[in-house]
Amino acid sequence: MAQNRETFGSHFAVIMAMAGSAIGLGNIWRFPTLVGQYGGAAFVLLYLVFSFLLALPIFYCEAIIGRRSRANAFGAFRKLDPKGHWHWLGLITVVAPLLILSYYNVVGGWSAQYLFKSLAGDFVGREEALVTGYFGQFISSAWAPLLVHAIFAGAVALIVVSGVKSGIEKFTKWTMPMLFVLILVIVVYSVCLPGAGAGVSYLVRPDLSKLSGSAVASAMGQAFFSLSLGMGTILTYSSYMKRQDNIAGTGFSTALADMLFALLAAFAVMPAVFAGGLEPGSGPGLIFESLPLIFNRMGAGLPLVSTVVAILFFFSVLMAALTSAISLLEVGVAYMSEETRLSRKQSTWLLSGLVWLLGIVWSLSFGPLADVQVFGMSLFDAIDYTCSNILMPIGGLVFVLFVGWKMPAPDVYDEYTNGGTLRFNSRIYPAFRFLVRYIAPVGIALVALTPYLF
Ligand code: TRP
């Protein structure tokens with residue numbers, strides 16, 4: 001067991017690290033892709049409802065377990081319930097984030113590639129078919145994606161190996177405020193494009209007929225994915241919180257920042273999709289096809305502005321991806337360095353290497369392995385589906401059931417209200433308790449099962 005466990009330096013640092021974890025490819029890449037596939041505004045509405053009603057309670061539960069125990073996702077359960085078997089369930093939430101990281105790294109690599117391309121001025125003054133066609137050509141080639149995948153995975157490991165304070169905290173504290181400024185610039189650019197109005201109305205006018213059972217489950221999956229829930233990430237970061245930090249406040253700010261960023265990203269991407277005359281449901285390539293097309297088109301008149309906006313956009317995607325990927329890796333690293341004899345450094349490089357190797361499979365599933373199908377999905381879609389729609393709800397259930405039904409109620413109250421000193425938190429505590437014990441477990445189970453029931 002680590003003796004001198006690190007903590008984050010300030011409350012600001014806690015929020016930036018949490019927001020850094022939450023805001024990522026889930027917001028900029030996954031959210032617009034799903035919104036396009038599942039029918040626009042109706043999906044957005046469901047996502048918002050699930051975020052408050054089901055996701056936020058899980059956030060609180062993970063934070064309560066993490067800060068109470070000051071341990072990793074496996075050790076936490078052993079500390080809080082030494083005689084029980086919950087830590088084996090905790091182990092799922094140590095392995096699952098590494099699975100997510102293995103495909104997250106692949107998309108992180110794509111964003112690095114697109115940053116390099118925009119730095120080279122490749123999205124300006126080209127033929128349109130070449131610009132949109134590049135994505136398909138790039139991901140289906142064998143070697144190019146593997147190279148950037150390795151670069152991205154290496155960068156993630158380098159930040160994590162530097163530690164909680166001098167790696168994670170330092171990196172997220174500077175990156176997150178900058179990201180908000182950048183995305184605002186891009187939203188303004190995007191909604192001003194000719195033809196962007198159709199994209200805006202797509203995002204604000206719900207069409208309920210498009211909602212299927214799997215749309216409902218995926219909206220919850222997205223709410224969990226976006227807030228980094230059910231996988232021990234929030235638990236692990238919270239274990240680095242100080243006693244005086246406010247769990248309820250941190251969770252609420254993180255969720256708000258995350259939702260706001262998802263909406264901003266949707267307003268950056270969808271208007272560009274419509275202005276470019278592309279299909280909103282075109283899948284994982286959505287942002288990598290629509291935005292370069294728009295940059296290229298605008299570049300005909302304003303080459304410099306367009307190049308700069310392209311660079312800013314893909315730089316933002318890359319930074320957002322990095323701040324999230326480090327939180328995924330930290331779960332495993334905290335576990336391994338605290339529960340085995342390996343040092344933080346050894347754990348980081350070992351896990352990163354394994355995760356990178358596994359990622360090669362997902363990367364190749366767009367090229368040489370494209371014909372391999374699991375339940376009608378590509379390997380990449382299958383692993384994403386398994387993690388978000390199956391493992392995350394299970395992880396979420398473990399956390400809410402543990403806090404709602406297993407942990408002694410006075411301990412839960414103590415963490416949520418800092419020993420009763422936070423008056424606002426004490427006042428809303430009964431509502432929180434009710435959500436955690438009844439609404440969240442039933443809601444999560446029901447929504448996760450919708451695709452199989454309806
Ligand atoms: N929330 C991040 C995003 O939106 C991804 C992420 C980081 C994540 N940690 C997680 C997803 C833990 C699920 C669980 O991109």
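When a residue number appears, it is its place in the shown sequence, counting from 1. Order of listing sets the numbers, starting from 1, for every ligand and every atom in it.
- Under 3.5 Å, the side chains of Asp245 and His11 contain a donor-acceptor pair of N or O atoms.
- Looking at every heavy atom in both residues, Leu293 comes nearest to Gly276 through CD2-O, 3.5 Å.
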For residues 51-64, tabulate all N or O donor-acceptor pairs below 3.5 Å that involve a side-chain atom, not counting sequence neighbours.
residue, atom, partner, partner atom, Å
Ser51, OG, Tyr47, O, 2.7
Tyr60, OH, Ala248, O, 3.0
Glu62, OE1, Ile234, N, 3.2
Glu62, OE1, Leu235, N, 2.9
Glu62, OE2, Gly230, N, 2.7

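- Sorted by chain and number, the residues within 4.0 Å of ligand 1 by heavy atom are Ser21, Ala22, Gly24, Leu25, Gly26, Asn27, Ile100, Tyr104, Phe225, Ser226, Ser228, Leu229, Met231, Thr233, Ser324, Ser327, Leu328, Met392.
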May I have the list of side-chain donor-acceptor pairs in residues 443-454 shorter than 3.5 Å, sequence neighbours left out?
residue, atom, partner, partner atom, Å
Thr450, OG1, Val447, O, 2.3
Tyr452, OH, Tyr385, OH, 3.3

Test log, rule ring pair (Phe, Tyr, Trp, His ring centres under 6.0 Å), inputs Tyr114 and Phe313: CA-CA 10 Å; Tyr114 271 70; Phe313 180 75; 9.6 Å; no
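- Residue pairs satisfying the salt bridge (charged side-chain N to carboxylate O under 4.0 Å, His left out) criterion with at least one member in residues 29-44, sequence neighbours excluded, are listed as follows: Arg30-Asp384.
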